[in-house]
Structure formats: C-alpha cells, structure tokens
Amino acid sequence: MSDQSKPKIALVGNPNSGKSTLFNLLTGLSQKTGNFPGVTVDKKTGTFKLLDGRIAEVTDLPGTYSIYPKTLDEQIVQEVFLDRTHSHHPDMAIVVTDATNLKRNLLLFTQIRDLGIPCVLVLNMFDIVQLRKVKIDLRGLSIDLGVKVLATNSHSGDGVQALKKIVSQALISSKRPFYDTYHLASKTIDAIKESFDLTENYRAYQYAQQTERLTFLSESQKEEIREIKKENNFYDLPTQSQETIGRYQLISDIVDRNTIQPSDSNKRTISEKIDRIVTHQVFGYAVFLGLLFLIFQSIFAWAEGPMDIIEGSISQFGSWVKSSLPAGVVNDLITDGIIAGLAGVLVFIPQIAILFAFISLLEESGYMARAVFLMDKLMRKFGLNGKSVVPLISGMACAIPAIMATRNIESWKDRLITIFVTPFMSCSARLPVYTILIGLVVPEDHLFGVFNIQGLVLMGLYLLGFLAAVVSAIGMKYMLKVKERSYFVMELPDYKLPQWKNVLLTIYSKSKTFAVEAGKVIIAISIILWVLASYGSGNNFKNAEEIVRSELPQTASQEQYEIALSAHRLEYSYAGRFGKAIEPMIKPLGYDWKIGIALITSFAAREVFVGTMSTIYSIGASDDDEVSIREKLRQEVDPETGEPVYTMALGFSLMVFYAFAMQCMSTLAIVYRETKGWKWPLIQMVYMTAVAYLSALVTYNIF
Amino acid sequence: MKSLADLKVSEKGIIKSFSDEALSVKLIEMGCLPGSEIELNFAAPFNGPLAVKVAGYHLSLRKEEARSVTLED
C-alpha cells in the first residue's frame with residue numbers, strides 16, 4: 001500500500017466503455033500524458049480532489065476485455081495489477097463497464113476483484129439502458145457482486161460527483177473470491193502461494209497462467225513456477241477456458257436475476273440499420289472513399305483562411321521585430337533564423353487540427369472499426385491486416401502515433417509490415433512542403449468548375465504514398481518468412497454521437513504536441529542553419545565585398561550590389577558548401593545547391609524544408625523585402641539560364657521525393673523502440689531514400 | 001458438421017464447440033460461450049470478415065476463424 005494521503009486509483013474497463021470520457025470528467029485539465037516506466041505504452045494520469053480534501057491520482061489504463069493480454073497495450077493492465085511493487089499499482093480500481101452489454105463487461109471486473117484489489121463498479125452509458133427500457137436493479141447487483149455499484153452517464157456527467165464520493169471512503173477488498181479458481185488447480189495454487197507468499201488464490205493462479213508474460217519475475221522464479229506446474233500437470237489454455245466459462249455462468253445468473261428486458265428487445269437497433277449501408281458491398285467502399293475525399297478537400301479548402309491569417313501575422317510580427325530591435329547580428333538571428341523557421345511550423349497547425357479532428361471523429365463515432373472490417377480482406381492481400389487501416393489512416397496525421405497504434409495488431413509479422421510501410425503515408429509534416437510546391441507550380445483552377453485542381457494534386461500525392469505503402473507491403477509479405485497466426489476477433493461497437501469535448505481535447509493536445517515537438521527541432525535547426533548560412537571561411541567569403549564589386553559593372557546600383565553580395569555570401573558560406581558538395585548527386589533530379597541545403601536539414605524532420613527555405617531566401621534577399629516564402633521562390637531565377645528555378649518538373653520531382661523519403665528522426669527513433677533494434681529502422685531509411693531518389697529522377701525526366 | 005461460416009445472413013445458430021483451442025480462449029472471453037445463440041448479421045464483401053451478433057453485441061471475425069466454431073445441428 002502506498003501513502004494513504006494520496007491514493008492511487010486505476011481506471012480500467014473494456015474498450016468502448018466510455019472510460020476515457022469518464023477520465024476526462026474526473027480529471028479535467030489536470031491530466032498529463034507520458035509513458036509507463038520501461039515501456040512505450042501511452043499513459044494518461046490526472047488528479048482530482050476527494051471530498052475530504054485529499055488529492056487522488058488516477059491512471060487511465062488501456063482498454064482490455066480481460067486480465068489475459070492479447071496486445072502490448074493490454075499487457076500493461078496485467079502488470080499494474082499483478083506486480084504489487086509496480087509504481088502504478090493502485091490502491092483501488094474504478095472498473096468502468098458499458099451497461100448496455102453488462103455480461104461481457106463484467107468478466108474483467110470479476111478478475112480484478114478476485115485479485116483482492118478494492119474496487120467500485122461503474123455502470124456507464126446508463127442513459128442508453130434507460131432509453132432501451134431495460135431495468136437494472138443496482139442494489140441487487142451490488143449485493144450479488146459484493147462491491148459498491150454506481151450508474152453514470154459520461155455524456156451528461158451524471159453520477160460523477162457520486163463516484164468521487166464513493167472513492168473518498170475507504171473501499172475494502174472482498175475477502176471471498178467471486179469465482180474461486182482453487183478447484184481448477186489446487187495443488188499448483190497452494191505451492192505458488194507458499195513460495196511467493198501470496199494471499200489470494202487468484203493471484204497465485206495468475207502466476208501459473210501468465211508465467212512467461214510476468215516481467216517482474218526473475219528467470220529463476222519463473223523456472224520455479226514452471227517446475228510446480230509440471231509437477232501438478234497444469235495446462236494453461238484448457239484451464240483458462242474453464243475459468244472463463246465458469247465466471248460467465250455466475251455473471252450470467254446474476255445479471256439475469258437483476259435485469260428486466262423489455263418485450264421488444266429484438267428490434268433492429270439504429271446501429272444495425274446504419275451498418276446495412278456502411279458495410280454494403282458497393283456503398284460501403286463508396287462511403288469510405290467519400291470520407292477520405294472529404295478529408296483532403298477540407299484540409300485544403302478550410303485551412304486556407306486560417307493559414308493566410310497566421311502567415312500574414314507572423315510576417316508582420318517579423319517586420320515589427322526587425323524594425324524595433326537595433327540592427328545587427330542578434331536582430332538577423334531572431335528575424336531571419338528563428339521567426340522565419342517558426343513560421344514554417346505554426347502555419348500548418350490549421351491543417352493538422354482538421355486532420356486530427358476527422359481521425360478522432362471517425363474513432364469516436366465507431367466508424368473506424370467498420371473501416372477495419374471492410375478493408376481486412378483487401379489488406380491481407382497486401383500482407384497487411386484490417387487493423388493496419390488505423391495506423392495507415394493515422395499515418396496521414398503523423399507516423400509516430402500511427403506506429404504506436406500498431407500495437408493493436410496481435411501478429412508480429414503483420415505488425416512489422418505495417419510499421420515498415422506506415423511512413424510512406426503522407427503525414428501532416430509533408431503538408432507544408434506539398435502546400436508550398438503545389439501553390440508554386442499548379443494553377444489555382446477548378447476542374448469541371450467544382451474540383452479544386454490543387455486539391456486533386458494533393459490527393460494524388462496521398463494516393464502515391466498509399467500505393468508505395470501497399471507495394472512495399474506485398475514485397476515484405478513474400479520476403480518475411482514467419483509462420484504465425486493472425487487473429488481478427490474484434491468488437492464492432494455501436495455507433496455513437498461523437499463527444500465534442502473529447503474531439504476538442506484530442507485536437508488541442510495533438511496540435512500542441514506537434515507545435516512544441518516540431519517547434520523545438522525547427523528552432524534548433526533554424527539557428528544552426530542561420531549560423532552556417534551567415535558565416536563561412538576562405539577567401540571567397542572573407543573578401544566577398546571586393547569580389548562582388550569587381551564582378552559587377554560600374555553602372556550597378558547600390559541595391560543590385562547588395563543582392564549580389566548576399567547571394568555570393570550564401571554561396572560560399574558553410575551551408576552553401578554543404579549544398580554544393582551534394583549538388584552533383586542531386587543535379588539529375590533537377591535540384592540546385594540551395595535545395596540541397598534543405599534536403600540535408602530535412603533529414604531531421606521534413607517540415608524543416610519550409611523553414612530552411614525561408615531562412616535561406618531571407619538571407620539571400622534584401623532586407624526590407626518582406627514577401628512571403630512562396631513569392632520568393634517564384635521570383636527565384638536560375639543564374640545561368642535566366643529561367644525560373646521552380647518549374648513544373650522541379651516542383652513535381654521535389655514533391656515525389658518528399659512523398660517517399662524517410663526524413664524524420666523521430667519516426668526512426670520510434671521504429672527502433674518498437675522493433676527493439678536498429679535493423680529495421682536502417683533498412684527502412686535506406687529503402688525509402690532509394691525509392692525517393694529513383695522516383696524523383698523519373699519524375700524530373702518525364703516533365 | 002455445421003460451422004458458423006455456414007450461416008446465412010440473419011440466420012441463427014447455437015454454439016456447440018470449438019476446433020481451435022488458442023482461438024477458442026479468445027472467443028470465449030468475448031462472450032461466445034458454448035450453448036449461446038449466435039446470429040450472422042452481415043458479411044464483408046469478397047469473402048471478407050463476418051459480423052455476428054452474440055451475447056447482445058456485435059463481433060467481427062474472419063471467415064476461416066468462423067469455420068472453427070461448430071454449431072448445434
């Protein structure tokens with residue numbers, strides 16, 4: 001037991017039980033996200049005040065159907081409850097259930113109760129139960145289950161105060177187990193209880209059932225348990241089936257005794273009616289494609305206004321800073337380095353917000369499970385899994401949460417392939433690159449008067465990424481020789497009206513994480529870049545003024561001289577040298593050394609492209625000329641031919657390169673963590689860069 | 001022997017046993033208990049997964065997984 005003055009509460013329940021909404025209601029804005037120690041499972045904790053003034057710490061555990069984990073995320077639930085030395089081992093548990101599906105939801109509850117954890121049972125979504133005219137006897141349920149029972153409605157917040165009141169009192173653990181596993185394995189349980197000094201039968205039974213999964217046991221302890229099991233002929237799977245069936249029998253009796261179903265309970269629900277259309281052979285796919293199409297169109301159409309406002313105000317802010325600070329190195333660093341770089345991040349927050357809004361709406365409403373259902377067969381042809389749909393769609397927002405979402409895929413091979421191909425999906429960091437290049441080389445016109453051509457090109461780029469992902473997955477499917485079963489047993493939750501509060505919280509936290517995380521990298525890189533681009537060594541840099549003056553004709557104006565001088569300086573700066581060094585390699589793709597600099601910095605994070613371009617061209621341009629980055633690129637002229645640099649061919653070649661290249665250190669880091677080694681991230685980087693280079697080469701030569 | 005994969009849309013059956021032990025543990029946890037009623041709700045196109053109604057909610061599983069669920073005749 002930990003310090004009683006700050007009780008630790010675990011919030012646990014089935015997926016789709018409204019657990020997270022309840023968590024939001026309990027903790028409000030006090031919540032923090034982080035990782036569980038040692039593993040990369042998302043951890044959400046928050047605090048709230050108990051009635052007696054103590055502060056309780058709540059952890060929102062991943063949703064799971066039972067104490068036996070099927071996925072990595074579910075594994076944490078078992079660890080937190082079974083490992084009494086775990087830093088998140090709770091003093092009590094709030095078990096949240098979907099009251100419309102009580103029997104299945106109670107299975108997990110009875111398991112947690114039998115581990116001797118003091119708990120309270122929450123029947124959530126009670127409003128729907130009442131709407132369906134089902135009567136549940138809460139008092140009877142409480143007596144039969146031996147715990148306090150409470151009805152809540154996380155939509156309206158009803159019952160939350162009562163819940164706070166209940167957890168303020170000391171909850172006691174039930175002495176007698178709900179379902180005693182002792183008769184299933186009496187000798188094994190006795191031996192483990194004695195060796196490990198355990199009191200609850202079920203805890204000892206779990207040691208026997210999950211020996212290999214319990215990370216807190218040492219190898220010699222595991223060996224001891226293996227011996228005990230062998231001696232007593234303990235077989236895990238058949239015993240587990242017996243246990244589950246036994247629990248369900250008791251649960252079923254209790255639920256039937258305490259509920260009254262209305263006579264017309266076999267009526268088709270609204271969810272079933274919606275499913276007729278959404279999972280239809282033709283309409284189903286039409287709805288799916290239509291939704292994707294809507295997402296792209298809105299990213300381009302709706303985000304434009306806010307983006308213009310952000311771009312405009314930052315540019316004004318930059319000019320204001322430039323004119324109010326004394327001229328000099330610091331002024332240049334702040335305006336040309338930091339503000340120019342930061343503008344590149346902030347400007348695409350509207351697009352990220354819209355994308356995450358859609359993704360969270362699809363999740364909240366229950367549609368995502370249908371998309372998984374509908375796409376499974378197709379995905380399997382490509383070596384993926386229906387459940388790969390969620391990472392692939394999330395990958396359009398950001399590969400990092402997407403790769404973490406692959407944890408729901410039980411099969412290692414399916415999961416590895418999904419991890420490998422997800423970075424091909426066009427993430428939001430590619431958006432600013434696409435946006436700027438499309439705006440530069442694609443006319444702002446409408447096809448048939450309806451479809452925005454720029455929007456269509458953007459959709460084409462997303463499709464290109466998707467195709468690359470699929471083709472690579474097929475290749476992986478044949479190369480990876482792993483014989484492993486993949487399962488596809490998944491709940492199709494009832495459709496729900498999305499909770500705006502949850503959607504808004506998601507948008508807020510994702511946009512914030514993005515701005516902060518990407519912002520840090522971008523500011524750092526902008527500063528380094530500014531230094532590299534502003535300083536240099538050698539005669540050509542030091543004697544720039546004399547060289548430029550001697551090269552220019554006598555008639556040149558002061559302004560022409562300054563432009564030529566800064567261009568000359570950039571060319572011979574450290575950054576210019578780097579760019580020049582790789583120019584021979586990227587020349588076939590149509591890129592010059594300035595783009596070369598952007599490519600180098602983009603290896604840290606691709607969205608740096610825009611910031612880099614802003615920085616390079618702010619330095620290259622004369623000071624009082626505060627035009628937007630897009631205008632600067634448009635005005636850029638090839639010094640040899642006098643033609644604009646940003647032609648259609650170059651624009652598309654760059655877009656294709658950015659569509660395929662692995663330019664994100666954070667993604668590599670997360671792949672390293674998830675695959676537990678450098679092998680896969682390295683293969684991924686080499687492979688993606690090769691695909692990017694070759695495709696860009698082909699693209700440049702087609703135009 | 002009739003399996004869950006043989007059901008037609010809207011047809012009901014009673015679960016008898018499972019032929020795949022590893023999968024059966026998962027199905028039992030999800031409420032597919034021997035003796036309980038199961039109804040085929042709809043199927044995904046091109047022989048894709050099935051959506052069944054069991055224990056008062058909707059569950060999806062692949063067709064080959066459904067084949068391992070034996071129903072009462």
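Here is the naming used below: chain letters follow the sequence lines, and residue numbers restart at 1 for every chain.
We find that A/R247 and A/D114 are joined by a salt bridge, their nearest charged nitrogen and carboxylate oxygen being less than 4.0 Å apart. A salt bridge is defined here as a Lys NZ or Arg NE, NH1 or NH2 lying under 4.0 Å from an Asp or Glu carboxylate O, and A/R380 with B/E64 meets this definition.
When each of B/C32, B/A51, B/P34 is checked for heavy-atom pairs under 4.5 Å with chain A, B/A51 comes out on top. Counting heavy-atom pairs closer than 4.5 Å to chain A, the top-ranked of the candidates B/K63, B/K26, B/R62 is B/R62. For the options A/L102, A/L374, A/I245, heavy-atom pairs under 4.5 Å to chain B are most numerous at A/I245. Of the listed residues (B/G48, B/G31, B/P49), the greatest number of heavy-atom pairs within a distance under 4.5 Å of chain A belongs to B/P49. Counting heavy-atom pairs closer than 4.5 Å to chain B, the top residue among A/D494, A/V282, A/L108, A/V489 is A/V489. Between chain B and the options A/L237, A/T244, A/L378, A/D98, heavy-atom pairs under 4.5 Å are most frequent for A/L237. Highest contact tally toward chain A, considering only B/L59, B/L27, B/L61, is held by B/L59 [criterion: heavy-atom pairs under 4.5 Å].
Proximity to chain A involves both the backbone and the side chain of B/A22, based on heavy atoms less than 4.5 angstrom apart. For a residue to count as touching a neighbouring chain, one of its non-hydrogen atoms must lie under 4.5 Å from one of that chain's; by this rule B/E65 touches chain A with the side chain only. For a residue to count as touching a neighbouring chain, one of its non-hydrogen atoms must lie under 4.5 Å from one of that chain's; by this rule B/L33 touches chain A with the side chain only. Only the backbone of B/A55 has a heavy atom closer than 4.5 Å to any heavy atom of chain A. Residue contact with chain B, scored on non-hydrogen atoms closer than 4.5 Å, involves the side chain of A/Y65 exclusively. Looking at A/Q281, both its backbone and its side chain come within 4.5 Å of chain B, counting heavy atoms on both sides. Interface residue B/L50: only backbone heavy atoms are found under 4.5 Å from chain A.
Taking the six-membered ring where the residue is Trp, the centroids of A/Y202 and A/Y205 are separated by under 6.0 Å.
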(message) Does A/L492 form a side-chain contact (heavy atoms from CB on, under 4.5 Å) with B/F42? I'd like the steps, not just the answer.
(response) CA-CA 12 Å; A/L492 291 173; B/F42 50 85; 4.3 Å; yes

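Considering every non-hydrogen atom in both A/F288 and A/A371, the closest pair reads CE1-CB, 3.7 Å. Contact detail for A/A208 and A/T211: the closest heavy-atom pair is O-OG1, 3.0 Å. In terms of heavy-atom proximity, A/N124 sits nearest to A/G18 at ND2-O, 3.4 Å.
Between the side chains of A/D275 and A/Y495, at least one donor N or O sits under 3.5 Å from an acceptor N or O. No donor-acceptor contact under 3.5 angstrom links the side chains of A/Q78 and A/Q206, judged on distance only.
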